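Atoms within each ligand, like the ligands themselves, are counted from 1 in listed order. Here the structure is a predicted model, which is why all the values come from computation and not from measurement.
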Amino acid sequence: MNAAQSETIYTYAAPRLKIGPGASAEVGFDLAATGAHRILVVTDPGVARSGGPQRVADQLTEHGLEATVYDQAHVEPTDDSLAAAVAWARDNGPWDGFVAVGGGSSIDTAKAINLLTTNSGELMDYVNAPVGGGQAPTQPLKPLVAVPTTTGTGSESTTICVLDVLSQHVKTGISHAALRPTLAVVDPDLTISQPAGVTASSGMDILCHALESYTAKPYTAYAKKHPHERVPYCGANPIADMWAEKALTLMAGSFRSAVHDGHDVSARYEMALAATFAGFGFGNAGVHIPHANAYPIAGRVKDFHPVGYPQEEAMIPHGMSVSLTAPAAFRFTFDASPDRHLRAASLLAPDAPKTPDPRDQLPSVLTALMRDIGIPNGIAAVGYTESDIPDLVEGSLKQQRLLTTAPREVTADDLTEIFRQSATLW
Ligand SMILES: NC(=O)c1ccc[n+]([C@@H]2O[C@H](COP(=O)([O-])OP(=O)(O)OC[C@H]3O[C@@H](n4cnc5c(N)ncnc54)[C@H](O)[C@@H]3O)[C@@H](O)[C@H]2O)c1
Ligand SMILES: [Zn+2]
């Protein structure tokens, strides 16, 4: 590619942000100022039990707003759970605005409700092609305030709603700039009640957002786009790099402490900052191989029931499924940008001993951390055997949007080797 054809432009977008202990107590004031009146608060049963969503609803009422709580968001939404949530919201509307209080599952459910109570059609019309119709909304959405209670997904700042399409055994999303929340309210006090297992898994999601966006194919390696072709994910760029580096530094100091002592308020605060920063980074740069592999790992779960999550259904939580192939994926991407891989490892573990092969430095720092915080020891520990690998590879290959963000070409053989190396990690 000659210089005239390579990309020179990248973009950056983020919602308005209010952040700090106690920030969620101001949601009523902020929403009242928009002129909205009938508000739907979206959450899941586990977060509802923490009392946070009801406190937010009470405070909306104090500001003269009418607040209703919908507490049936499914942990890791499916097409069925989102359709049920939308049907409920359509039956009980109209709504002037939405507040999501919860992790990525509640926030993504609120995004789907907002889309489908302001626009006609059904969920699958808007799901990314080829799984769904890939339609864009034609009508403006209502204000959505996203209040994360996990330290993980960054969904409060992104344009995506992730869902599992049960009939097709595939995880995919709805992605459009209109889905981005209008205001993100990050209140670390709400994250203190996260179970340790959720803190560990959602924290690995933060870490992979930062590492994958930092090592993604640089925006300059893409062909030049026309203005109408621009997408939210531009590849690694100086602005996303800055957020990723800072997120890694924060996690170096706080991740283990937040898992081992959930009441360590300063660790919780730094994890909330790290999740937000990593979200601002990957939400503009994109993620690659570990996230592509996470979709089949989570989607083909057999009988794994992680501690800290609802036990009724087998599941491999998003952050856990992302992390399991991350060490091998970063060994594979090392040669594309050795300096970035080494810098990421040193930000995350400044005092880690040097591995004889520099390709192993970041994988070794990651596996030491995963071991300390109770992440399962590889894909074997969550139920996969050698004979499942072709299926997992096939599932990853469907995530071409993510794989093309990798800094080098990824073939089926490469993915096979990455899954093999990920059977056990230590
Ligand atoms: N939209 C995006 O940009 C994006 C990015 C990454 C992941 N995701 C999606 O987000 C979902 C995962 O979200 P998550 O990791 O934030 O977790 P989650 O929302 O699935 O919640 C995990 C569990 O923790 C509980 N919980 C959450 N906060 C709590 C609190 N403060 N106190 C007590 N319990 C609490 C919930 O009840 C649930 O049982 C997945 O579906 C994933 O695919 C979305
Ligand atoms: Zn993620």
Assess, by modelled atom type and distance only, whether the side chains of [X] and [Y] contain a donor and an acceptor separated by less than 3.5 Å.
{"X": "Thr78", "Y": "Asp164", "answer": "no"}
{"X": "His74", "Y": "Glu313", "answer": "yes"}
{"X": "Thr215", "Y": "His288", "answer": "yes"}

Answer with yes or no whether Gly152 contacts ligand 1, where contact means a heavy atom under 4.0 Å from a ligand atom.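 Outside the 4.0 Å threshold, so no.
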
Examine ligand 1 and decide if any of its atoms is less than 4.0 Å from a heavy atom belonging to Arg49.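 Under 4.0 Å: no for Arg49.
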
Does a salt bridge link [X] with [Y], judged by any charged N lying under 4.0 Å from a carboxylate O?
{"X": "Asp388", "Y": "Arg300", "value": "no"}
{"X": "Asp189", "Y": "Arg268", "value": "no"}
{"X": "Glu409", "Y": "Lys217", "value": "no"}
{"X": "Asp187", "Y": "Lys18", "value": "no"}
{"X": "Asp96", "Y": "Lys142", "value": "no"}

Quick one: which of [options] has a heavy atom closest to [atom]?
{"atom": "atom 8 (N) of ligand 1", "options": "Asp44, Thr43, Thr153", "result": "Thr153"}
{"atom": "atom 35 (C) of ligand 1", "options": "Thr159, Val47, Asp189", "result": "Val47"}
{"atom": "atom 18 (P) of ligand 1", "options": "Ser105, Pro45, Ser106", "result": "Ser105"}

Between [X] and ligand 1, does any nitrogen or oxygen pair lie at a separation below 3.5 Å?
{"X": "Ser202", "value": "no"}
{"X": "Ser50", "value": "no"}
{"X": "Ser155", "value": "yes"}
{"X": "Gly104", "value": "yes"}
{"X": "Ser193", "value": "yes"}
{"X": "Ile160", "value": "yes"}

What protein heavy atom lies closest to [atom]? Include the residue and the distance to one decimal.
{"atom": "atom 9 (C) of ligand 1", "value": "Asp108 OD2, 3.8 Å"}
{"atom": "atom 24 (O) of ligand 1", "value": "Val198 CG2, 3.4 Å"}
{"atom": "atom 29 (C) of ligand 1", "value": "Thr149 OG1, 3.7 Å"}
{"atom": "atom 31 (N) of ligand 1", "value": "Leu190 O, 2.9 Å"}
{"atom": "atom 21 (O) of ligand 1", "value": "Thr150 CG2, 4.2 Å"}
{"atom": "atom 2 (C) of ligand 1", "value": "Thr158 OG1, 3.4 Å"}
{"atom": "atom 39 (O) of ligand 1", "value": "Pro310 CD, 3.3 Å"}
{"atom": "atom 22 (C) of ligand 1", "value": "Tyr309 CE2, 3.5 Å"}

Check whether any side-chain heavy atom of [X] lies under 4.5 Å from a side-chain heavy atom of [Y], and answer yes or no.
{"X": "Trp95", "Y": "Asn114", "result": "no"}
{"X": "Val131", "Y": "Met124", "result": "yes"}
{"X": "Leu347", "Y": "Glu245", "result": "yes"}

Distance from Gln135 atom CD to Glu122 atom CD, nearest 0.5 Å?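 If we round to the nearest 0.5 Å, Gln135:CD and Glu122:CD are 10.5 Å apart.
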
Heavy-atom closest pair, residues Ser155 and Lys111: O-NZ, 2.9 Å

What do the steps show when you test Val382 against Val301 for side-chain contact (heavy atoms from CB on, under 4.5 Å), and what is the final call? CA-CA 8 Å; Val382 297; Val301 60; over 6 Å; no

Near the Zn ion (ligand 2), which protein N/O/S atoms fall under 2.8 Å? Asp205 OD1, His209 NE2, His291 NE2, His318 NE2

For the residue pair Tyr233 and Phe282, categorise the inter-ring angle as parallel (less than 30°), tilted (30 to 60°) or perpendicular (more than 60°).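 Geometry flag for Phe282 against Tyr233: parallel rings.
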
